[in-house]
Undergrad: 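To start, I am sharing the structure in question, which I have written as structure tokens.
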Protein chains: 2
Amino acid sequence: MTTRSSTDAARVIPEATVARLPVYLRALTALADSGIRTCSSEDLASAAGVNSAKLRKDLSYLGSYGTRGVGYDVDYLRYQIAREIGVTQDWPVVIVGIGNLGHALANYSGFRSRGFRVVALLDADPGIVGREVAGVVVRPFDDLEEIVREHDVAIGVIATPAVAAQDVADRMVAIGITSILNFAPAVVAVPEGVDVRKVDLSIELQILAYHEQRKANGADASTEADGGAA
Amino acid sequence: MTTRSSTDAARVIPEATVARLPVYLRALTALADSGIRTCSSEDLASAAGVNSAKLRKDLSYLGSYGTRGVGYDVDYLRYQIAREIGVTQDWPVVIVGIGNLGHALANYSGFRSRGFRVVALLDADPGIVGREVAGVVVRPFDDLEEIVREHDVAIGVIATPAVAAQDVADRMVAIGITSILNFAPAVVAVPEGVDVRKVDLSIELQILAYHEQRKANGADASTEADGGAA
DNA sequence: TAGATTGTTAATCGATTAACAATC
DNA sequence: TAGATTGTTAATCGATTAACAATC
């Protein structure tokens, strides 16, 4: 629709590919950490748990960063993927809902190393506000707007009980947050232009249970065994 | 391949549909809780955050549980979906790795009500073994086999650091667990016939960051705004 | 019967895969 | 040059969607 610079052309990366780029990034980091400088698509694919055809197809959407007959320079490809995802910079995030899960998220050490920075922990419960969690003092939910403006937060994490999730999302959206990661077991509705991703423990377990039940029933185990595998 | 009873015929539910059945189940439970006895595909679809065509197509794989001109009986459909997923019975699960996340998972109250029962918490760290978490005493990882046999556990949850994940998965598979939910930020390889699902905080955040970056760049916001939405 | 809503069809869209020409 | 491996093509597969006949 809008005009684009020529260097930026042809940048329509399929959603399925976008979802795998972080996996490749992590696999490349692991390879680099073990001292490997160059890898083939086969090597990287196996480290990422996909087949090499899919990997090469995915990378082809980013550009031509490999060398035929040789493979990929690990550091170079890693940087290109990080740049494409947008994690060469740090993204400020807020976590709302500091119960057991919020606590665990706040303590998650992988944030900083993967392009994210927790700028605030918020909770509506006065009994939790003021406590120190992961070295940060929990602030009242009503401070959300101030914090978002101050740190230019674009990504919010919801770790509240289900009943509160929609209200929190509404407040986030009203204040200008356009990406939400929702851990609450509830569907949240947002206007167009806002991305919501959902992480749901019991849904994942139920998907496993479905396949497990079919295995137990002994029906066609051979054809459906790996149906839900990541 | 194998012969099936006639009542069991035509049971090939697409993976994308399987992944949505738990969402429908939850939406139906919410409707039932608010006293609604009957709903249309439009009602249920909107509660589940999908469009009604997709919902009806999904339900059609299970059978004909609605009434034309009327809609669906909430309780009846809920039971049918629960039966299809396999959560009319309780599934025993073990959680391995009782750090911050394992702690949060152990305390998650949605387990029991959604068809799962945590039969043991395990950790390899002697400093954690013996502590009481969520009313359960943490046991040594080496007790895994005994516990799995005793409770006939089919589903294992990995909440360890990344380095330990593959070892834990290998032990689980060796002992006969055939479904694994992996929260560790690592790819785990398993033999055919074992299902692994992966939940990864930083991957979800990175997918959001990708879309966020594109919004910020102002490129075609209108066409890709909702690209990664759940 | 008239109105409402399901279940199904068929078209479209997007993702995966294997094969191989290009090329280091 | 010969061997290796990428990047791309084209075929296949699976998922989504709109439309509507069936039917309560």
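Numbered from 1 within each chain, the chains take letters A, B, ... in sequence-line order.
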Undergrad: Quickly work out the A:Asp43 CG to D:dA4 P distance and round it to whole Å.
TA: 14 Å
Undergrad: CZ of A:Arg20 versus P of C:dG14: gap in Å, rounded?
TA: 15 Å
Undergrad: What is the distance from CD of A:Glu42 to P of D:dG7, rounded to the nearest Å?
TA: 15 Å
Undergrad: Does D:dT5 have OP1 or OP2 sitting under 4.0 Å from an N or O in the side chain of A:Ser41?
TA: no
Undergrad: D:dA15 C1' sits how many Å from B:Ile13 CD1, rounded?
TA: 15 Å
Undergrad: Who passes salt bridge (Lys or Arg N to Asp or Glu O under 4.0 Å) against B:Asp90, sequence neighbours left out?
TA: B:Arg117
Undergrad: Take N1-N3 plus N6-O4 or O6-N4 for Watson-Crick, N1-O2 plus O6-N3 for G-U, both under 3.5 Å. Which runs of 3 or more such pairs involve DNA chain D?
TA: C:3-24 with D:3-24
Undergrad: Listed by chain and number, what are the side-chain contact (heavy atoms from CB on, under 4.5 Å) partners of A:Ala162, not counting sequence neighbours?
TA: A:Pro185, A:Ala186
Undergrad: Which of these nucleotides, C:dT8, C:dA15, D:dT6, is closest to any side-chain atom of A:Tyr72?
TA: D:dT6
Undergrad: Take the protein atom NZ of A:Lys54 and the nucleotide atom P of D:dC13, then report the distance between them rounded to whole Å.
TA: 16 Å
Undergrad: Test: salt bridge (charged side-chain N to carboxylate O under 4.0 Å, His left out). Region: residues 34-51 of chain B. Which pairs qualify, not counting sequence neighbours?
TA: none
Undergrad: Mind checking what makes salt bridge (Lys or Arg N to Asp or Glu O under 4.0 Å) contact with B:Asp200, not counting sequence neighbours?
TA: A:Arg26, B:Lys198
Undergrad: Whole-Å distance between D:dT16 P and B:Leu55 CG?
TA: 12 Å
Undergrad: Run the side-chain contact (heavy atoms from CB on, under 4.5 Å) check on A:Glu204 and A:Val199 step by step: do they pass?
TA: CA-CA 9 Å; A:Glu204 296 299 327; A:Val199 173; over 6 Å; no
Undergrad: Just distance, no hydrogens or angles: give the donor-acceptor pairs under 3.5 Å from side chains in residues 171-181 of chain A, sequence neighbours left out.
TA:
from: A:Thr178; atom 1: OG1; to: B:Glu212; atom 2: OE1; distance (Å): 2.9
from: A:Thr178; atom 1: OG1; to: B:Glu212; atom 2: OE2; distance (Å): 2.7
from: A:Ser179; atom 1: OG; to: B:Glu212; atom 2: OE1; distance (Å): 2.5

Undergrad: With side chain to side chain donor-acceptor pair (under 3.5 Å) as the rule and sequence neighbours excluded, what pairs involving residues 156-166 of chain B come up?
TA: B:Gln166-B:Asp170
Undergrad: Check the phosphate of D:dG14 against B:Tyr61, side-chain N and O only, distance under 4.0 Å to OP1 or OP2. Yes or no?
TA: no
Undergrad: Starting from the 5' end of DNA chain C, give me the residue, A:Thr67 or B:Cys39, whose nearest nucleotide shows up first.
TA: B:Cys39
Undergrad: Under the side-chain contact (heavy atoms from CB on, under 4.5 Å) rule, what do B:Phe111 and A:Leu201 come out as? Steps first, then yes or no, please.
TA: CA-CA 9 Å; B:Phe111 269 123; A:Leu201 168 66; 3.7 Å; yes
Undergrad: Nearest-Å distance, CG (A:Asp58) to C1' (D:dT8)?
TA: 14 Å
Undergrad: Side chains of A:Val50 and A:Val23: does their closest heavy-atom pair fall under 4.5 Å?
TA: no
Undergrad: Holding to ring-ring contact (aromatic ring centres under 6.0 Å, His included), I want the full list of residues that pass it with A:Tyr65, two or more places apart in sequence or in another chain.
TA: A:Tyr76
Undergrad: Whole angstrom is fine here: how far is it from CD in A:Glu15 over to P in D:dA15?
TA: 17 Å
Undergrad: Applying salt bridge (charged side-chain N to carboxylate O under 4.0 Å, His left out), which residue pairs with at least one partner in residues 72-86 of chain B are found, sequence neighbours left out?
TA: B:Arg11-B:Glu84, B:Asp75-B:Arg78
Undergrad: Below 3.5 Å between N/O atoms, which protein atoms pair up with nucleotides 18-23 of chain C? Just atom names and distances, please.
TA:
from: C:dA22; atom 1: N3; to: A:Arg68; atom 2: NH1; distance (Å): 2.9

Undergrad: C:dT5 phosphate, OP1 or OP2: any side-chain N/O from B:Tyr65 under 4.0 angstrom?
TA: no
Undergrad: Return the 5'-most residue of the pair B:Ala16, A:Ser40 with respect to DNA chain D, ranking by each residue's nearest nucleotide.
TA: A:Ser40
Undergrad: Run the salt bridge (Lys or Arg N to Asp or Glu O under 4.0 Å) test against B:Arg20 and tell me which residues pass, sequence neighbours left out.
TA: B:Asp58
Undergrad: In residues 24-33 of chain A, which ones come under 4.0 Å of DNA chain C, going by heavy atoms?
TA: none
